[in-house]
Peer 1: 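Take a look at this one; I'll ask things after.
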Amino acid sequence: LKEGGRQSGALLSLNLGGKAGRASIAVKGDGFLMEREFFRKGSELHVDNKLLSLHPSMQGKGYGSQILRSSLAEYKRLGVTRMNVTANIDVGGYTWAKMGYAPKSVAAFREAVLEVVDAKVSRGVLSADDRALIVKSLKDGAGNPKRLPAGIAKLTNAEGKQIGKEALLGSYWEGYLDLTDADALAF
């Protein structure tokens with residue numbers, strides 16, 4: 001991770017003593033913590049994103065994308081074909097959606113988003129019209145379920161408010177990134 005032209009320090013930890021056939025790594029650096037678990041599923045090598053946490057001062061500045069791009073380049077070099085994620089910490093639902101992750105279950109994704117939307121409508125954060133637009137997008141996006149979260153992440157209302165971002169912030173859903181799909185990696 002580079003910040004202001006300098007390479008930040010990081011500490012790498014590797015654990016091979018966990019579940020059979022799994023290897024865990026943790027990388028702690030200046031303002032971030034990343035934990036991953038590698039495993040084989042059949043002949044394919046997968047990685048579970050256990051945690052990516054950025055200090056608030058580093059959020060929204062592209063550091064997460066930089067970490068992810070660097071990680072993905074290394075994963076591809078290692079032969080990883082799929083990265084799994086559970087979007088559940090504050091901004092995770094939005095972050096992983098805008099980075100091209102597909103939902104493991106479209107129905108569960110829709111349910112998670114609507115739960116957040118309904119709560120935000122009841123608090124006045126989103127309007128009934130915003131909800132209607134989000135519901136329509138959740139239905140229309142089913143034609144390409146892999147791109148559904150990214151489509152929601154980009155959704156704005158007539159006033160230009162980022163209602164898709166608002167719908168995804170605080171959502172909980174499971175997804176994956178297919179590292180063999182060039183379109184999915186074009187975030």
Side-chain angles (χ1 to χ4, degrees), residues 1-106 108-109 112 141 144-154 168-169 171-187:
L1 183 65
K2 291 186 178 181
E3 182 176 355
R6 70 175 182 88
Q7 191 78 22
S8 69
L11 175 65
L12 174 66
S13 169
L14 176 63
N15 177 8
L16 298 174
K19 297 177 189 174
R22 292 182 174 253
S24 299
I25 64 166
V27 181
K28 183 176 183 175
D30 299 334
F32 76 95
L33 174 61
M34 181 176 75
E35 296 176 1
R36 302 288 190 262
E37 187 172 80
F38 294 83
F39 63 96
R40 290 235 174 249
K41 189 163 185 176
S43 64
E44 294 185 350
L45 182 59
H46 289 207
V47 62
D48 281 346
N49 173 26
K50 295 295 188 178
L51 177 69
L52 176 58
S53 179
L54 296 176
H55 186 274
S57 67
M58 295 181 72
Q59 293 175 9
K61 298 179 180 172
Y63 294 121
S65 295
Q66 185 180 346
I67 291 168
L68 183 61
R69 280 190 184 95
S70 296
S71 298
L72 291 176
E74 187 63 18
Y75 298 158
K76 286 180 75 170
R77 189 187 70 75
L78 292 170
V80 172
T81 57
R82 181 172 165 145
M83 184 173 176
N84 301 306
V85 65
T86 299
N88 65 351
I89 300 177
D90 300 331
V91 299
Y94 172 66
T95 300
W96 299 120
K98 77 175 185 173
M99 290 187 172
Y101 282 73
K104 286 185 180 177
S105 163
V106 171
F109 175 77
N144 190 347
K146 282 185 170 184
R147 305 294 179 255
L148 181 59
I152 297 297
K154 296 174 186 172
L168 290 163
L169 290 173
S171 64
Y172 177 94
W173 55 279
E174 293 184 342
Y176 68 94
L177 189 62
D178 180 351
L179 276 64
T180 65
D181 181 350
D183 289 337
L185 299 174
F187 67 91

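Remember, predicted model here, so these are calculated numbers, not experimental data.
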Peer 1: In chain order, what residues pass the side-chain hydrogen bond (donor to acceptor under 3.5 Å, both in side chains) check against Arg82, with sequence neighbours excluded?
Peer 2: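 Arg82 satisfies side-chain hydrogen bond (donor to acceptor under 3.5 Å, both in side chains) with Asn84 only.
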Peer 1: For Ser24 versus Glu37, what's the shortest heavy-atom pair and its separation?
Peer 2: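 What the structure gives for the nearest pair is OG-OE2, 3.3 Å.
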Peer 1: How far does CZ of Arg36 sit from NE2 of His46, to the nearest 0.5 angstrom?
Peer 2: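 One gets 15.5 Å once the value is rounded to the nearest 0.5 Å.
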Peer 1: Which pair of heavy atoms, one from Tyr176 and one from Val85, lies closest together, and at what distance?
Peer 2: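 Taking Tyr176 first and Val85 second, the nearest heavy atoms are N-CG1, 4.5 Å.
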Peer 1: To the closest 0.5 Å, what do you measure between CG (Asp48) and CD (Glu174)?
Peer 2: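 Answer for the CG-CD pair, Asp48 versus Glu174, is 9.5 Å.
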Peer 1: First locate atom CZ of Phe38, then atom CG of Leu45, and finally report the distance between them rounded to the nearest 0.5 Å.
Peer 2: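 Answer rounded to 0.5 Å: 7.0 Å.
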Peer 1: Knowing that exactly one of Phe109, Tyr94, Tyr101 qualifies, which makes a side-chain contact (heavy atoms from CB on, under 4.5 Å) with Pro149?
Peer 2: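 Result: among Phe109, Tyr94, Tyr101, Phe109 is the only option passing the side-chain contact (heavy atoms from CB on, under 4.5 Å) with Pro149.
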Peer 1: With a 6.0 Å cut-off (strictly less than), is the heavy-atom count around NZ of Lys104, excluding the residue itself, greater than 12?
Peer 2: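 Buried by this count: over 12 neighbours within 6.0 Å.
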Peer 1: First locate atom CG of Leu169, then atom OG1 of Thr95, and finally report the distance between them rounded to the nearest 0.5 Å.
Peer 2: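 Nearest 0.5 Å value for the CG-OG1 distance: 7.5 Å.
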Peer 1: Could you list the residues that satisfy salt bridge (charged side-chain N to carboxylate O under 4.0 Å, His left out) with Asp178, not counting sequence neighbours?
Peer 2: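 Here the qualifying residues are Lys146.
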Peer 1: I'd like to know if Arg147 and Asp181 make a salt bridge, using a cut-off of under 4.0 Å between side-chain N and carboxylate O.
Peer 2: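 Yes.
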Peer 1: Distance from Tyr75 atom OH to Thr81 atom OG1, nearest 0.5 Å?
Peer 2: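 With rounding to 0.5 Å, OH (Tyr75) is 13.0 Å from OG1 (Thr81).
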Peer 1: Looking at Leu168 and Ala97, what are the two nearest heavy atoms and their distance?
Peer 2: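 Closest approach of Leu168 to Ala97, heavy atoms only: CD1-CB, 3.7 Å.
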Peer 1: Grab the two heavy atoms, one from Met99 and one from Leu177, that are nearest each other, plus how far apart they are.
Peer 2: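 In terms of heavy atoms, the two residues are closest at O-CD1, 4.2 Å.
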Peer 1: Locate the shortest heavy-atom distance separating Val106 from Pro145; write the atom from each residue and the value.
Peer 2: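 Val106 and Pro145 have their closest heavy atoms at CG2-CB, 3.3 Å.
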Peer 1: Nearest 0.5 Å, what's the CE-OG distance between Met34 and Ser71?
Peer 2: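 Going from the CE atom of Met34 to the OG atom of Ser71 covers 4.0 Å.
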Peer 1: If every non-hydrogen atom of Met83 is compared with every non-hydrogen atom of Leu179, which pair is closest and at what distance?
Peer 2: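 Here Met83 and Leu179 meet closest at N-CD1, 3.7 Å.
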Peer 1: Can you check side chain to side chain contact (heavy atoms under 4.5 Å, CB included) on Trp96 and Thr86, steps first, answer last?
Peer 2: CA-CA 9 Å; Trp96 299 120; Thr86 299; over 6 Å; no
